[in-house]
Amino acid sequence: RCQSSSVDDKPKSKRGLLDNASNLLTNLLSGGSLGAMPVAEGAVTDLFGRPLFFSLYDWFLEHGSVYKLAFGPKAFVVVSDPIVARHILRENAFCYDKGVLAEILKPIMGKGLIPADLDTWKQRRKVITPGFHALFIEAMVGVFTKCSERTIFKLEELIERGEHGEKYTIVDLEAEFSNLALDIIGLGVFNFDFDSVTKESPVIKAVYGTLFEAEHRSTFYIPYWNLPLTRWIVPRQRKFHSDLKVINDCLDSLIKNAKETRQEADVEKLQQRDYSSLKDASLLRFLVDMRGADVDDRQLRDDLMTMLIAGHETTAAVLTWSVFLLAQNPSKMRKAQAEVDSVLSNETINVDQLKKLEYIRLIIVEALRLYPQPPLLIRRALRPDKLPGGYNGAKEGYEIPAGTDIFLSIYNLHRSPYFWDRPDEFEPERFSVPKKDESIEGWAGFDPDRSPGAMYPNEILADFAFLPFGGGPRKCVGDQFALLESTVALALLLQKFDVELRGSPDEVEMVTGATIHTKSGLWCRVRRRT
Ligand code: HEM
């Protein structure tokens, strides 16, 4: 479905009305200010039927790593180049805001870090980042373990019930990972036990309802919800606002409680990072205790809501795709299980053991390479900018007028045939081979010597060719939390169970909103290991 602006090999008579309309607008727009940038013409029909990031990949191979996508009344610049990505995310980060994404997320996250204006962001980021101290994350390993064990217990019970007359159960692991990640984020961020692995509640339903609406808004291209009265007239918008109220009420009462129970003794422990002796080591406790009781309730609520949404589906998706990939590669699953068996005992997991789970950690990052969450980062230029020259058809830099919307395609970068050998293949081992060649042309390898203390490959080691958590000042605050959480959950699952897909891998289709998830679940046959 893609074509360059100068090539049109489709007979005009076969074009649909929508295509014609969009191409007319495209032509009006394509002579514009982005100069000599290659143009991919998207037809409106490209928005339906398959996730947009697939089309962006095809156009990347055809037009190079910086191109303009003219889509109906809108033009986007699509970037799939590490040097240009580094410029936008790090070197000139404050020339950009979150554009369309902020518009979609503001009604949910208010002035939380993701959609916040730059002034609010600067202030809140300074306050929140210290909350994710390495010792806080270590303290969270207990939460990760407890919640993962609940999931394991549930799976064991399902197997025990022997619904299939065999020693296995058939279960949608994507749904189970979603519950698990929700429980972890609730306890870690605001010390609230959703216990969604074992029960349903109005708050849990409201969280899923809100996520569902956020996804609808990110894939529905006409923001009808901004029209007056829609929140009262359109049933799904009414439901959205009532879901939001349920969550907000819950968060408000947690904030009130945290403020009322603030104690100087806890503040001292927090100052010394003595998390082990705290009954409540959550981020909310930190934010309230360290900043005093006068911190603005509305802002706190926006912060918590942002982390609830940002840290839930993303982690669930990483676990889902890790298992999807392992289930198709039994030898890699056995290799991972052998590692788990040699490192973990039946006692509680600690960080030293996690450091030894190297293969499990590489599986997680390889799953993030193949299925980045989110697959696209969104930016809008606040001022005119000049993009640097990059690779693959983007050798010259381009002028960017203020207001330009940009899609940074992490999916394209992570599957770029120019930077990865066999880019579509699942090879966790690729990260463990350090190459001394520092050049950007090819993965430089995960060499811990170049980054002492780094337990996971990251964007710095990969010179922005690998961006699982973004980069620069707006990089994910929860990256280490999420990585350790996923490592614990995957290790404990593989310690107990063998997992196979119920059907063929092709049946597990991808759909996307903010994250990439399956069309109708990751249905697996889960068997207790012998
Ligand atoms: C930002 C990915 C887990 C909180 C981001 C960004 C990415 C990302 C790519 C950058 C977005 C951009 O530049 O536009 C992920 C992935 C996760 C994960 C793949 C799981 C595997 C978490 C968790 C939390 C969290 C667990 C919180 C507990 C945030 C926040 C931001 C963010 C608050 C905004 C940061 C800012 O703008 O300053 N995440 N994330 N994320 N993430 Fe995560």
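For ligands, and for the atoms within them, numbers begin at 1 and follow the listed sequence.
Two rings, from Tyr371 and Tyr411, have their centers 6.0 Å or more apart.
Remark: Lys98 engages Leu101, Ala102, Ile114, Arg379, Arg474 in a side chain to side chain contact (heavy atoms under 4.5 Å, CB included) (not counting sequence neighbours). For Gln328, the side chain to side chain contact (heavy atoms under 4.5 Å, CB included) partners at least two apart in sequence or on another chain are Phe324, Leu501, Pro505.
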Protein N/O near ligand 1 N/O, under 3.5 Å, which pairs?
unit_1	atom_1	unit_2	atom_2	d
ligand 1	13 (O)	Arg379	NH2	2.8
ligand 1	14 (O)	Lys98	NZ	3.4
ligand 1	14 (O)	Arg379	NH1	2.9
ligand 1	37 (O)	Arg474	NE	3.2
ligand 1	38 (O)	Trp121	NE1	2.7
ligand 1	38 (O)	Arg125	NH1	2.7

The test is side chain to side chain donor-acceptor pair (under 3.5 Å); show your working for Thr487 and Tyr456 and say whether it passes. CA-CA 11 Å; Thr487 305; Tyr456 298 87; 2.7 Å; yes

Full working for salt bridge (charged side-chain N to carboxylate O under 4.0 Å, His left out) between Arg273 and Glu138: CA-CA 11 Å; Arg273 304 282 178 190; Glu138 267 188 38; over 6 Å; no

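Sorted by first and then second residue, the ring-ring contact (aromatic ring centres under 6.0 Å, His included) pairs with a member in residues 84-114 read Phe94-Trp121; sequence neighbours excluded.
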